[in-house]
**Q** 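The structure's right below; bear with me while I get my questions together.
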2 protein chains.
Amino acid sequence: MGLTVENALLEGERVGVRCEDGKIAALGPGATPQPGDETLDAGGAHLLPPLVNGHTHAAMTLFRGSGGDLPLMPWLEEKIWPVEAKLSGEDVYWGARLACAEMLRTGTTRFWDMYWQPEATARAVADAGLRATIGAPLFDLHGSPAELREMAHRGLEELAGAGPRIAPALAPHAIYTVSEESLRWIGELGAERGLPVQIHLSETEKEVQDCLAEHGERPAFYLDRLGLLNERAVLAHGVWLDPDELALVAERGATVVTNPVANMKLAVGGVFPHPAARAAGVAVGLGTDGAGSNDSLDLLSDLKTFALVQKHAAADPTAIEAAEAWAVATGARAPRLGATPLAPGSPADFLLLRADSPELGIGELMADLVYAASGAAVAAVVVAGEVLVRDGEVPELEEVAARAAERARSLGL
Amino acid sequence: MGLTVENALLEGERVGVRCEDGKIAALGPGATPQPGDETLDAGGAHLLPPLVNGHTHAAMTLFRGSGGDLPLMPWLEEKIWPVEAKLSGEDVYWGARLACAEMLRTGTTRFWDMYWQPEATARAVADAGLRATIGAPLFDLHGSPAELREMAHRGLEELAGAGPRIAPALAPHAIYTVSEESLRWIGELGAERGLPVQIHLSETEKEVQDCLAEHGERPAFYLDRLGLLNERAVLAHGVWLDPDELALVAERGATVVTNPVANMKLAVGGVFPHPAARAAGVAVGLGTDGAGSNDSLDLLSDLKTFALVQKHAAADPTAIEAAEAWAVATGARAPRLGATPLAPGSPADFLLLRADSPELGIGELMADLVYAASGAAVAAVVVAGEVLVRDGEVPELEEVAARAAERARSLGL
């Protein structure tokens, strides 16, 4: 017994998708239901791979609309950190549930998360049904390396047994909040356990200048020297990576996740050099960052801003084309982020986008997806053969939004 | 007999809005239905002023997704102008109908249009029920000033009697496509008839350089010398206006409409200097530009890009705040664009935004509107006391989208 989606449109052809045991069993004009299958009539909707949000802080939906249009450090120090110090597991759970609902509704089925109380986020992900790689943020700026180690171990223990759709990661916050000693230790632990290591890198120019002043080298070289730059590294931002750093990142096989909306909102002043990164062979993904600095989790909308700001920064409308932006947002340019192709044997994760959406009816599909559509065009989302979004709706969204709003109010947000 | 909206939320207070003869008759906690009124339960939705799209080419929905990621001039010369040469009135009508439906659905109730066959656009606007100021584009680059005059007169005749929600304008395309002689003539005709004059100005740096080379002065000064810079002028783009030009534009009382998404998509390389323009006292509005170069008409989404690119350009997150971006998008910073306040005696044009939209439930409303919401949050739209959008739907959208797609296909788009 599985799920069969009938009457979907794939590259101009009517196809079916048969899902069994969480995987795509058959895909094509001949894929038809087996006895006992649930069936879903796609009504001619476009069949597409889902989006991968390569960097977020899911529970920060609680901080939406509280940024006060501030710069990064005052925003963190005045608005975010004081409230984060008092977050409960319930707060994180409902904030993350809201994030999961919003991401699902707008076509994202997998995300990379860095946030406090990872167990609460993992529960939210498991209850919502999508997929995530989760790491507790590690700092020792105001603490000791010993405390950081304890936090790291506790985070990994909390995530053990979190279910088949959740993977653990290590998540040192940044090179300016984690000591050299602790970064080295994290690198060793990551290697020992084969864990991905997520870190904010080269988000602001100040970070680069401080790194040069303190360590005599730029951030990517510093990270490499400490043993953290390898194919398991996921570097969020990378705005100020220079050509030598891009070459090194490519050589080491690390992934950069660009977060154009958050970078513009916090006005870091630069733009991730995507054309140069791709030319150097860097693996690139797209992220929303947290709802505190975006403030949306609609990657299908951020995808457009990504393409726009790349064209703008290069003063060249050909700097990035629609198909390339789409490939980045679906994880096709960053194999380590966990995207899976639409093909038999792959996990049964996919989207159906309304063909009758006015934004998708005229012109090339890729251009329409990137420049005209938003998450509102999503009709259905399937993860592991389960239908999580139907008719554009996440069934439990209303209750989840109300519970999250209640938690935010109780925190004075 | 009128319309009474009950149970709306305005600045934290439950209010009603009673509309009669197309105007707001009463607004506040005490505004209740009169016998015979149609009533609409807002269900606690936020009552807000509608958005004003200050610059578009409505029928260019037909060109959506056909841009091929090209620069401005090749895009115009290769993709747009050859097809525009064969557009029928039916093509323009259905393209504009689709634009009207999309704008209404995403909260825009008034737009400024520049396009061929203005009579067809006017019919579309009248049938859709929103408001527009419309001008036929005037060129004499490949024709004569005599032909341009004939086009201008024909355009005005076509728009005479187009109905109470439609106003005519003159729309010289740009200083590089209209001769000095014709620009002067347009200025005189505008003054004689009290007509708004819309023009693309200072969109690319090349336009500025060419103007300096040919006329020895920058575009705003050139326009002023020809008698076109006054309180009836609506200047689309203004990306490259320098401080002296901004001071002159402010002194003359002209309006600048910034189109950040189109500017980034066509990669003109600059950003409209909004903080300097506001400091100089320039009236500023926001536009999507045509769907050919955006490719969406969702101003509630472009509003975010506007704020983001202003912060980015200034490398300062405080360069523009949410409330200022909202004011620009609703026409509150450009009185000549025709926005009306939410107050008794004003035209009964307003929006209801779902309070249960997950993007609007946490944090400050202004920040949520600008950074988190998109047009999908719109529950209802009222124009002149008529409910044109209910439950987020424009009733005739499906048919309109199908007809427009059919016209696009017939044009080979």
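Atom set for the values below is all heavy atoms of this structure, side chains included, hydrogens, waters and symmetry mates excluded. We name chains A, B, ... by the order of the sequence lines, and we start the count at 1 in each one. Remember, it's a predicted structure, so these values are computed and weren't measured experimentally.
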**Q** Need one label for A:A291: side chain, backbone, both or neither, based on atoms under 4.5 Å from any heavy atom in chain B.
**A**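 When you check distances to chain B, no heavy atom of A:A291 falls under 4.5 Å.
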**Q** Name the member of B:E398, B:R105, B:Q310 that forms the most heavy-atom pairs with chain A at distances under 4.5 Å.
**A**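 Among the listed options, the one with the most contacts to chain A is B:R105.
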**Q** For B:D298, enumerate each residue passing the salt bridge (Lys or Arg N to Asp or Glu O under 4.0 Å) test, keeping only those at least two apart in sequence or located in another chain.
**A**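 With sequence neighbours excluded, B:D298 shows a salt bridge (Lys or Arg N to Asp or Glu O under 4.0 Å) to no residue whatsoever.
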**Q** Under 4.5 Å from any heavy atom of chain B, what part of A:I320 do you find: side chain, backbone, both or neither?
**A**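 Backbone only.
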**Q** I need the residue from B:A313, B:A101, B:G269 with the largest number of non-hydrogen atom pairs under 4.5 Å to chain A.
**A**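 Looking at each option in turn, the highest pair count goes to B:G269.
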**Q** Counting only heavy atoms closer than 4.5 Å, note whether B:A402 contacts chain A via side chain, backbone, both or neither.
**A**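 For B:A402, neither part sits under 4.5 Å from chain A.
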**Q** So which residue, B:E359, B:K311, B:R409, ends up with the most heavy-atom pairs under 4.5 Å with chain A?
**A**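 Ranked by heavy-atom pairs under 4.5 Å with chain A, first place is B:K311.
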**Q** Counting only non-hydrogen atoms closer than 4.5 Å, does A:V309 touch chain B with its backbone (N, CA, C, O), its side chain (CB onward), both, or neither?
**A**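 For A:V309, the contact with chain B is made by backbone and side chain together.
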**Q** By a 4.5 Å heavy-atom criterion (distance strictly below it), what part of A:A376 contacts chain B: side chain, backbone, both, or neither?
**A**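 Looking at A:A376, just its side chain touches chain B.
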**Q** Can you check whether B:N294's main-chain N or O pairs, donor with acceptor, with A:K304's side chain at less than 3.5 Å?
**A**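 Answer holds: yes.
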**Q** Give, as side chain, backbone, both or neither, the part of A:V261 having an atom under 4.5 angstrom from any heavy atom of chain B.
**A**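 For A:V261, the contact with chain B is made by backbone and side chain together.
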**Q** Which atoms of B:A405 are under 4.5 Å from chain A, going by heavy atoms: the side chain, the backbone, both sets, or neither?
**A**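 For B:A405, backbone and side chain are both near chain A.
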**Q** Top residue by heavy-atom pair count (under 4.5 Å) with chain A, among B:A404, B:A408, B:P71?
**A**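 Looking at each option in turn, the highest pair count goes to B:P71.
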**Q** Is it the backbone or the side chain of A:T305 that comes under 4.5 Å from a heavy atom of chain B, or both, or neither?
**A**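 It is the side chain, since no backbone atom gets that close.
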**Q** So which atom in B:G363 and which in A:S66 form the shortest heavy-atom distance, rounded to 0.1 Å?
**A**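 In terms of heavy atoms, the two residues are closest at CA-OG, 4.2 Å.
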**Q** Select one option (side chain, backbone, both, neither) describing which atoms of A:T61 are under 4.5 Å from chain B's heavy atoms.
**A**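 Only the backbone of A:T61 comes within 4.5 Å of chain B.
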**Q** Side chain from CB out, backbone as N, CA, C, O: work out which of these in A:E321 comes under 4.5 Å of a heavy atom of chain B, or both, or neither.
**A**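 Both parts, backbone and side chain.
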**Q** Apply the test side chain to side chain contact (heavy atoms under 4.5 Å, CB included) to residues B:I362 and A:L98: give CA-CA distance (whole Å), side-chain angles for both, the deciding distance (0.1 Å), then the verdict.
**A** CA-CA 11 Å; B:I362 294 174; A:L98 180 56; 4.0 Å; yes
**Q** Report which part of A:L266 has an atom under 4.5 Å of a heavy atom belonging to chain B: side chain, backbone, both, or neither.
**A**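 Contact with chain B: backbone only.
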**Q** Of the backbone (N, CA, C, O) and the side chain (C-beta and beyond), which part of A:L308 lies under 4.5 Å from a heavy atom of chain B, both, or neither?
**A**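 Both backbone and side chain of A:L308 come within 4.5 Å of chain B.
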**Q** Quick check: closest heavy atoms across A:M264 and B:M264, and the distance to 0.1 Å?
**A**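 Looking at all heavy atoms of both residues, the closest pair is CE-CE, 4.0 Å.
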**Q** Using every non-hydrogen atom in the two residues, find where A:E102 and B:P358 come nearest and quote the distance to one decimal.
**A**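 Closest approach of A:E102 to B:P358, heavy atoms only: OE2-CB, 3.6 Å.
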**Q** With a 4.5 Å limit on heavy-atom distance, are the side chains of B:H312 and A:K265 in contact?
**A**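 Not touching, per the 4.5 Å side-chain cut-off.
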**Q** Does the side chain of B:L70 reach to within under 4.5 Å of the side chain of A:P317, using non-hydrogen atoms?
**A**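 SC-SC contact between B:L70 and A:P317 ruled out.
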**Q** Is any residue of residues 364-371 of chain A within less than 4.5 Å of chain B by heavy atoms, and which ones?
**A**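 The list, in residue order, reads A:E364, A:A367, A:D368, A:Y371.
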**Q** Name the region of A:A322, side chain, backbone, both or neither, that has any atom closer than 4.5 Å to a heavy atom of chain B.
**A**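 When you check distances to chain B, atoms from both the backbone and side chain of A:A322 fall under 4.5 Å.
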**Q** Check B:S296 against A:A372 and note the closest heavy-atom contact, atom names and distance.
**A**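 Closest approach of B:S296 to A:A372: CB-O, 3.9 Å.
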